Amino acid sequence: MAENFVWQRKHLLGLKSLTKDEIEFILEGAKAFKEISSRRIKKVPALRGRTVVNLFFEASTRTRTSFELAAKRLSADVVNFSSSLSSLGKGESILDTLRNLETYSVDVFIIRHSHSGAALYVSQNTNASVINAGDGQNEHPTQALLDMFTVKQKFGSLSGLKVTIIGDIFHSRVARSNIWGFSKCGAEVWVCSLPTFIPKYFETMPAKITFDIEQALKDADVVMLLRIQNERLNKQFFPSLREYRQLVTLTDDRISLLKKRTLILHPGPINWDIDIASGLKPQVHPLILEQASNGLAVRMAVIYMLMEKRQYEFAG
Ligand code: CP
């Protein structure tokens, strides 16, 4: 990261538009915030008096809870908006919802929505900062940042690593953000699935494509499994789960092809015996849970950085 780097952006909408320096700045900050979570008093007054609104229009366990906790550990006031309990069901538009919430002098909106571009739309219609917590099939930047943080903790650097992403690439915002993020930081990214799950436009992205899982696993330093996003499937992408398991699922036999130090990641939620054989749970689940726990530190860093736009000076 360049010396005297200063964060300038108001929003975090995706990793495609970020520079390597910006990504490394967030990852560096997350290290300091992870330390805070190991203290007896896991809270700093950095964002006292600031207001953060979690705007979740789509289901979430990990992202919503870790953003909420991240904002609370920074001492911000947090409001959780859930579309299913809101007046959207009575016909109120997103824009009117936003206008009403804005009257509380909101500093940060964190948005998850099933439509690609929703976070950009909100950022164009508010004076607050906006963090994309996953928009349709577009991007999920903080998921990729926590994945990169987890890998960097293990390997020290991302440069030169082979990172293989396996599963439903087509519908995955996690795959897209990870391809942008890891490739900008010097890793070699591979994507592997059934041909129907890797659309042609992935050829324009900085990733190697293979339909051969053995080639994808060979020499991989990181293997990231993705679930089939049934809620986004609008046609038959594979003949049967039996066939999917034969060609894609990480099994005992396939895991034996990996190097000893290979890190296995999954953004969650996991569909055992489809993404990963359930017999591998004792071996892989603790690491995947550690990956999820890193989301807290990364999201603290992102919220803080967008608010303060400067080096991390909160410690102590
Ligand atoms: N990885 C992820 O985004 O999980 P949630 O949908 O539970 O937030």
Side-chain angles (χ1 to χ4, degrees), residues 12-16 26-27 30 52-73 78-85 108-119 122 130-151 163 165-182 191 222-233 250 263-272 274-276 281 284-303:
L12 179 66
L13 302 179
L15 297 192
K16 183 179 180 182
I26 301 168
L27 300 181
V52 174
V53 175
N54 266 327
L55 265 182
F56 276 61
F57 296 91
E58 201 188 59
S60 168
T61 297
R62 283 145 288 267
T63 312
R64 200 194 61 74
T65 53
S66 61
F67 264 123
E68 178 180 351
L69 198 53
K72 285 179 172 168
R73 290 207 174 158
V78 186
V79 175
N80 287 311
F81 169 91
S82 167
S83 59
S84 58
L85 300 175
V108 186
F109 282 111
I110 297 163
I111 175 165
R112 165 165 294 192
H113 200 285
S114 56
H115 288 180
S116 302
V122 170
V130 175
I131 300 173
N132 182 3
D135 64 329
Q137 295 171 206
N138 181 36
E139 285 228 36
H140 191 350
T142 57
Q143 177 65 48
L145 288 164
L146 78 87
D147 295 338
M148 295 165 78
F149 180 78
T150 305
V151 173
V163 177
I165 307 175
I166 299 171
D168 178 357
I169 309 292
F170 188 117
H171 301 99
S172 177
R173 52 200 178 205
V174 174
R176 286 165 179 80
S177 286
N178 269 302
I179 289 171
W180 294 120
F182 274 105
V191 291
V222 179
V223 173
M224 186 182 300
L225 288 316
L226 301 175
R227 73 184 173 95
I228 301 168
Q229 304 211 7
N230 287 307
E231 71 275 24
R232 297 187 214 284
L233 302 193
L250 188 67
L263 191 58
I264 295 171
L265 302 179
H266 194 305
I270 303 173
N271 290 318
W272 295 103
I274 301 174
D275 315 338
I276 310 173
K281 192 168 182 174
V284 301
H285 209 202
L287 287 169
I288 291 170
L289 292 175
E290 192 185 319
Q291 171 194 3
S293 82
N294 285 331
L296 179 58
V298 166
R299 289 172 176 133
M300 284 174 83
V302 168
I303 297 170

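Fair warning: this is a prediction, and the values are worked out from it, not measured in the lab. Throughout, numbering of the chain's residues begins at 1 and tracks the sequence. Numbering of ligands and ligand atoms starts at 1, following listing order.
- Between His285 and Ile270, the closest side-chain pair of non-hydrogen atoms falls below 4.5 Å.
- With 3.5 Å as the limit, one finds a donor-acceptor pair spanning the side chains of Ser177 and Glu139.
- Side-chain contact between His140 and Thr63: present, with at least one pair of heavy atoms (C-beta onward) separated by less than 4.5 Å.
- Cation-pi contact between Arg112 and Phe56: absent, since separation from the ring centre below 6.0 Å together with deviation from the ring axis within 45° is not met.
- Each of the atoms 2 (C), 3 (O), 4 (O), 5 (P), 8 (O) of ligand 1 lies under 4.0 Å from some heavy atom of Thr63.
- Residue-ligand proximity: Arg112 is placed with a non-hydrogen atom under 4.0 Å from ligand 1.
- No close placement of the Trp272 and His266 rings is indicated, their centers lying 6.0 Å or farther apart.
- In this structure, Gly268 has a heavy atom closer than 4.0 Å to ligand 1.
- What sits closest to atom 1 (N) of ligand 1 on the protein, heavy atoms only, is Pro267 O, 2.8 Å.
- Side-chain polar atoms of Glu290 and Asn294 form no donor-acceptor pair below 3.5 angstrom.
- Remark: minimum distance from atom 4 (O) of ligand 1 to any protein heavy atom is reached at Arg62 NE, 3.1 Å.
- Within the listing of ligand 1, atoms 5 (P), 7 (O), 8 (O) sit less than 4.0 angstrom from a heavy atom of Thr61.
- Counting atoms of ligand 1 from 1 in the listed order, those under 4.0 Å from a heavy atom of Gln143 are 1 (N), 2 (C).
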